[in-house]
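Notes for the one structure printed next.
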Amino acid sequence: MTDLPLTDLDEATRAFIEDFAYAWGAAGNPRMDGRVLGLLLIVDRPYLSSAQIADLLKASTGAVSMSTRALMNLGFIKHHSVPGDRSHHFRTEEDVWGSFLAGERDYLSRISSTIEFGLDTLPDGAEHPRTRLNTARRYMTWLASYHRKMLADWQAYRDSPDEDETA
């Protein structure tokens, strides 16, 4: 399906991608990441190659490579293998936001390990740093627990009938 050539994006699609990238950037994220994610959200294809993404966004392959790597690390997009094709392909899940929430668990685990390392390295008598790191550890423990609940709540909400759709 993706070996069919893609035509240039229409004006409304391009406007959505740029609006999405602007909103993404306003939250402190790289706008290029927002452009890539916006494209993958709105284009009706199961996946796109890096070259297709670069072509459609009129962006460099290097910028696309950096953005796809960052978005994969955050859990927003997935790498997609195509048998016999060595190109890199990417896709979003139908529930990209739930995938993001699930991917945040890796971050919580990494930062918790780092906090533990920091606590182990503190010398005796470093009470203020110990207090700060203990507070961080407790926050991460609380957040991980709440995160599981939040993901379950999101999935229940996502799967419930939408009032607008049932009307």
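Quick caveat, the model's predicted, so the values are computed rather than measured.
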Problem set entry | Residues forming a side chain to side chain contact (heavy atoms under 4.5 Å, CB included) with Leu119, sequence neighbours excluded | Ile115, Glu116, Leu122, Arg130, Leu133, Asn134, Arg137
For this session: Output all residues satisfying side chain to side chain contact (heavy atoms under 4.5 Å, CB included) with Asn73, sequence neighbours left out; order by chain, then residue number.
Result: Arg69
Exercise. Honestly curious: do Leu71 and Val43 fall in one hydrophobic cluster under the side-chain, below-4.5 Å linking rule?
Worked result: yes
For this session: Just jot down the side-chain hydrogen bond (donor to acceptor under 3.5 Å, both in side chains) partners of Ser67, sequence neighbours excluded, or say none.
Result: Asp33
Problem set entry | For Gly25 against Arg31, the heavy-atom pair lying closest together | CA-CG, 3.9 Å
For this session: With sequence neighbours excluded, tell me which residues meet salt bridge (Lys or Arg N to Asp or Glu O under 4.0 Å) with Asp95.
Result: Arg158
Seminar exercise, completed: In short, salt bridge (charged side-chain N to carboxylate O under 4.0 Å, His left out) pairs touching residues 78-90 with sequence neighbours left out are none
Problem set entry | ring pair (Phe, Tyr, Trp, His ring centres under 6.0 Å) partners for Tyr139, two or more places apart | Trp142
Problem set entry | Nearest-0.5 Å distance that lies between atom CG in Asp162 and atom OH in Tyr157 | 6.0 Å
Would you tabulate the side-chain donor-acceptor contacts of residues 12-23 under 3.5 Å, counting partners in other chains and residues two or more places apart, or write 'none'?
residue : atom : partner : partner atom : Å
Thr13   : OG1  : Asp10   : OD1          : 2.9
Thr13   : OG1  : Asp10   : OD2          : 3.4
Arg14   : NH1  : Leu56   : O            : 3.3
Arg14   : NH2  : Asp8    : OD1          : 3.0
Arg14   : NH2  : Leu56   : O            : 3.2
Glu18   : OE2  : Arg35   : NE           : 2.8
Glu18   : OE2  : Arg35   : NH2          : 3.3

Exercise. Transitively linked via ILVMFWY side-chain contacts under 4.5 Å: Ile42 with Leu9?
Worked result: yes
For this session: Only counting residues at least two apart or in another chain, list the ones meeting ring pair (Phe, Tyr, Trp, His ring centres under 6.0 Å) with Trp154.
Result: none
Exercise. Can you name the side-chain hydrogen bond (donor to acceptor under 3.5 Å, both in side chains) partners of His79, sequence neighbours left out?
Worked result: His88
For this session: To the nearest 0.5 Å, tell me how far Met32 CE sits from Ser60 OG.
Result: 6.5 Å
Exercise. Rounded to the nearest 0.5 Å, how far apart are OG1 of Thr141 and CZ of Arg138?
Worked result: 8.0 Å
Seminar exercise, completed: Residue pairs meeting ring-ring contact (aromatic ring centres under 6.0 Å, His included), one or both in residues 115-136, sequence neighbours left out, come to none
Problem set entry | Heavy-atom pair of closest approach, residues Ala59 and Val64 | CB-CG2, 4.2 Å
Exercise. Listed by chain and number, what are the side chain to side chain contact (heavy atoms under 4.5 Å, CB included) partners of Leu40, not counting sequence neighbours?
Worked result: Val36, Leu48, Ile53, Ile77, Phe90, Thr92
Exercise. If Ile, Leu, Val, Met, Phe, Trp and Tyr residues are connected whenever their side-chain heavy atoms lie under 4.5 Å apart, and connections chain through other members, are Phe76 and Leu41 in the same group?
Worked result: yes
Exercise. What residues form a side chain to side chain contact (heavy atoms under 4.5 Å, CB included) with Asp153, not counting sequence neighbours?
Worked result: Lys149
Exercise. Which of parallel (below 30°), tilted (30 to 60°) and perpendicular (above 60°) describes His89 and His80?
Worked result: perpendicular
